[in-house]
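Chain identifiers are assigned alphabetically (A, B, ...) following the order of the sequence lines, protein sequences preceding nucleic acid strands; residue numbering begins at 1 within each chain.
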Amino acid sequence: MNYWLFKTEPDAFSIDDLANKKSKGELWDGVRNYQARNLLRDEVKKGDEVFIYHSSCKVPALVGIASVIKDHQIDDTQFDPSAKYYDPKSTPENPRWYAVTIKHKKTFKEPLPLKDMKQNPELAGMKLLQKGNRLSVMPVDKSHGDLLLKLLG
DNA sequence: GCCAACGTTGGC
DNA sequence: GCCAACGTTGGC
């Protein structure tokens, strides 16, 4: 079992939206970055735990946890010209983008703001805290993941 | 809204 | 394959 962190903009899709999907879960599509794609395709596996992070909002923070309930599949939005994430250079014969399905597990009673994470020496080294980091899907070390779960319950 | 830090694109 | 121009992300 591995830990991951997925970013989402709460205005577009929040932890509450994910919670509302209940056991059905949510297909995490629309990822259009090769590094993130490689993780989704090759390394994110059913049963893994995913920290949900709200970005580009008033208080950027870790807000909850989800679990992966389905391994990667082709992200069909890449073929749909009307979709926001349409990729004209992608073909069904040679798809570029993939998506996994995750299910809401828990919304933390108190979100853990980015600001606080930066101040916790035990979390130093987390990819999320590295300057200039823009990845929307990233690995979380086991030690960091365990600690976060302990902090957040 | 600003801007730093990237990633991507395309001309050469 | 280099690199300038451009677009996007995301904290502040």
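In this structure, of B:dG7, B:dA5, C:dG10, it is C:dG10 that holds the atom nearest to the side chain of A:S56. The listed nucleotides are C:dC12, B:dT8, C:dG10; the one nearest the side chain of A:K7 is C:dG10. Ranking B:dT8, C:dG10, B:dA5 by closeness to the A:K131 side chain, first place goes to B:dA5. In the set B:dT8, B:dG7, C:dG11, C:dG11 carries the atom at the smallest distance from any side-chain atom of A:Y53. In this structure, the nucleotide among C:dG11, B:dG7, B:dT8 sitting nearest to the side chain of A:S55 is C:dG11.
Going from atom OH of A:Y34 over to atom C1' of C:dT8 covers 15 Å, rounded to whole Å. C:dC12 atom P lies 12 Å from atom CG of A:N133, rounded to whole Å. Taking atom CG on A:L62 and atom C1' on C:dG11, their separation rounds to 15 Å, with Å as the unit. For A:D87 and B:dT9, the CG to C1' distance is 13 Å, given to the nearest whole Å. In this structure, the NZ atom of A:K127 is 18 Å from the C1' atom of C:dG10, given to the nearest Å.
Here A:K58 lies out of heavy-atom contact (under 4.0 Å) with every strand. Contact annotation for A:K89: backbone-only contact, meaning every heavy-atom pair under 4.0 Å involves sugar-phosphate atoms and none involves a base.
Looking at A:R32 and A:D87, no side-chain N of the basic residue comes within less than 4.0 Å of a carboxylate O on the acidic one, giving no salt bridge. A:D146 and A:K142 are joined by a salt bridge, as a carboxylate oxygen and a charged side-chain nitrogen come within less than 4.0 angstrom of each other.
In this structure, A:D17 and A:E26 have side chains that are not in contact, with every pair of non-hydrogen atoms separated by 4.5 Å or more.
Within the hydrophobic cluster formed by Ile, Leu, Val, Met, Phe, Trp and Tyr side chains joined at under 4.5 Å, directly or through other members, A:I102 is accompanied by A:W4, A:F6, A:F13, A:I15, A:L18, A:W28, A:V31, A:L39, A:L40, A:V44, A:V50, A:I52, A:V63, A:V68, A:V100, A:V137.
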